[in-house]
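First comes the structure, then the notes that go with it.
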There are 2 protein chains.
Amino acid sequence: MAVAAHNADVAIDPRGESTRARILDSAEYLFSEQGMNGASLRTIVAHAGVNTAAVHYHFGSKQGLLEAVFARRILPMAEERLELLADCRAGEDRPPLLHQIITAFLEPGMRGRHGGATFARLRARMAADASDETRKLMAHYFDSSSAKFLDALADALPDLPARDLHWRFHYLLATMVYTMANPGRIQALTDNSCDPSDTDASLAYLVPYLAQCFQADPISEAPVRLDRKTNTHNSSTN
Amino acid sequence: MAVAAHNADVAIDPRGESTRARILDSAEYLFSEQGMNGASLRTIVAHAGVNTAAVHYHFGSKQGLLEAVFARRILPMAEERLELLADCRAGEDRPPLLHQIITAFLEPGMRGRHGGATFARLRARMAADASDETRKLMAHYFDSSSAKFLDALADALPDLPARDLHWRFHYLLATMVYTMANPGRIQALTDNSCDPSDTDASLAYLVPYLAQCFQADPISEAPVRLDRKTNTHNSSTN
DNA sequence: AGCTTAATCAAACGCTTGACTTAGTCAACC
DNA sequence: GGTTGACTAAGTCAAGCGTTTGATTAAGCT
C-alpha cells in the first residue's frame, strides 16, 4: 500500500499483461487444436481479439510465439515435478516407492495446472513432429528434469539393468504422451468404456500399471526364449 | 504372351501407374516429414517430378491424396496382421502365446514392408492430430482389425478383467506409436544407447516387455493402496 | 481413318499467408 | 506537460496456397 496514488489497484498496466496472456492463451488453444502450420496468425489474433502487430510486438515471430507458449507452461511444470520428486525423496520411504516417483513425473504434466488437456495435446503434437527445431525446443526444456527422474528411478530399482530402465522410461513417456494425445482409438474399440480424457481415472490406472511394468523382470539380451507352457511370468527374483 | 501385337509388353499405360505411384511415394515421404499442412502440393509435385494437375486428376484433392497414401499401406498391413493372427491361432499353442499375438500385431506395422519408418511416422502424426477427419480415417481402417486382436488377447488372458485389457491395449498402441514417432527423447537422455529407429532391437525388447505387462496382476478399481514396504506387487490372483 | 478416353501440361485463378510499416491513441509516470 | 510504453487500426508486400481451366498428347478401339 506504499503507492496510494493509484486508483486502479488491480494490476499495473492492465493492457500489457492481459494482451500478452490472451495471445498466449489463444495460440496455445489453436496450436493444439490445428497444429502450428494449421493455425494462422490471423486466426489467432482474431480469437484473442487483438491486432496482428501485437504478436510481432511481443513475440517477434510466429516461431517466437510458439516458444513463448511452450516456455510459459514448461518452466513451472518442470519446477513442480522436481519439487514433488524432492518431497518423496525426503519422505520416510528410502528409496522412495516407485509409484511416488512416477506420480511426481506424471501428475504435473497431466492434471489441470500447466495448461491441462490443451497444452498436453500440443506437447503430443510436438512429440510427433520430430523436426529439428521441435527436438531442440524439447531437449532444452525437458532434458535436465528427465535426467533427474531417470536417476531417481535407477535408485529405486537398483537391480534393473540400465538398458531395461531406459527402454521402460521411453515407454513411460509413450503412454503419457499417447494418453494425452487421445486419438480416440480405445474409445472407438470399447464403446467409450475407457476414456483417456478423464485424467483422474487415467492416472489412477496408469501409475500402478507403470510401477508394475518397471518392476517386472529384466528382458534378457538373448532373442526371446520360447519355452512353451510358460504363460505366466517366471518368478525369478533377481 | 497372348497379345503379341503389343510392342511394349511391360505395363499397359506406363504413364498412368508410374505417375500415380510417384505422387503417392512423394506425398507419403513429405507428409510424414513435414505434416499434412506443412507439405504443400507444390513441394510434393516438384519432388515427384509431375504436374500439379496430376494430383487433382488422380486423387481429387489434397485430402483425397492423403487418404490414398493411407489406404495404400493400411489395407495390406491389416491383411498381414490378420494372416499372422490366424497362423498363430492355428498353431500348436492354444490359446496362442501372448507374445505371438503381440508380434502379429506389431510386426506388420513396424518392419520394412508397408512403408517402413516413413509411413510409421505419418501414422504417429495422424494419431497426434486427433481432428475429426483423421479420427474417421483411422477408425475406418483400423477398427475391425484391432477388435479382432482385442478378442484374441482376451482369449489368451481369460482372467484379466476387460477394463485392464482395454487399458493395456491402449498402452500397447501408445508404445508402438511413440516408438514409431521417435521424438528423440530417449536418445538424448541416454547418449544414444537406446535407439527406437533400430526396428529389430526395438521389437526384440518391446514384444516380451508388453507380454509381461499384459500378464501382470490386474489393477484394482479401488484408489491406489498405499500399504508400505510392499515394493513388489501384491500377488492377489483374480 | 476416325473417335474416344486417359493422362499430362502450362498457365492462371482467387485467396491466404507471415512479416512488416506507418500513423495515431491513451493511460501512466516523471 | 512532456515522455514513454503498450498498444490499435489499417494497410502493404511478396510469396505461397489449393484448385481449375483448356489445350495437347498418346493409346485403344472399331
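Hydrogens, waters and symmetry mates play no part in the numbers below; they use all other heavy atoms, side chains included. Worth saying up front: this structure is predicted, and the values here are computed from it rather than measured. Proteins get letters first, then strands, A, B, ... in listed order; numbering begins at 1 in each.
- Applying the ring pair (Phe, Tyr, Trp, His ring centres under 6.0 Å) test to A/Phe169 and every residue at least two apart in sequence or in another chain returns A/Phe105.
- A/Leu84 contributes atom CG, which lies 7.0 Å from atom CZ of A/Phe149 (distance to the nearest 0.5 angstrom).
- In this entry the distance linking CG of B/Leu41 with C1' of C/dC13 reads 15 Å, nearest Å.
- When rounded to the nearest whole Å, the span between CZ of A/Arg20 and C1' of D/dG5 equals 14 Å.
- At the phosphate of D/dC7, OP1 or OP2 sits under 4.0 Å from a side-chain N or O atom of A/His58.
- With sequence neighbours excluded, the residues that form a side-chain contact (heavy atoms from CB on, under 4.5 Å) with A/Ala127 are A/Val177, B/Tyr178, B/Pro183.
- Remark: B/Ser40 is in phosphate contact with D/dC17, judged by side-chain N or O atoms under 4.0 Å from OP1 or OP2.
- Remark: A/Ser131 pairs with A/Asp129, A/Glu133, A/Thr134 by the side-chain contact (heavy atoms from CB on, under 4.5 Å) rule, at least two apart or across chains.
- The distance between atom NZ of A/Lys62 and atom P of C/dC20, rounded to the nearest whole Å, is 14 Å.
- Residues passing the ring pair (Phe, Tyr, Trp, His ring centres under 6.0 Å) test with B/His47, sequence neighbours excluded: B/Tyr29.
- Annotation: side-chain contact (heavy atoms from CB on, under 4.5 Å) contacts of A/Arg168 (sequence neighbours excluded): A/Leu160, A/Asp164, A/Phe214, A/Ala216, A/Ile219, B/Tyr205, B/Tyr209, B/Gln212.
- For residues 42-56 of chain A, proximity to DNA chain C is found at A/Arg42, A/Ala53, A/His56, defined as any non-hydrogen atom under 4.0 angstrom from a strand atom.
- With rounding to whole Å, A/Leu66 atom CG is found 13 Å from C/dG18 atom P.
- Side-chain N/O atoms of B/Thr19 include one lying less than 4.0 angstrom from OP1 or OP2 on C/dT8.
- Protein atom OH of A/Tyr57 is 19 Å distant from nucleotide atom P of C/dG24, rounded to whole Å.
- In this structure, A/Asn37 places its CG atom 9 Å from P of C/dG18, rounding to the nearest Å.
- In this structure, the CZ atom of A/Phe59 is 17 Å from the C1' atom of C/dC20, given to the nearest Å.
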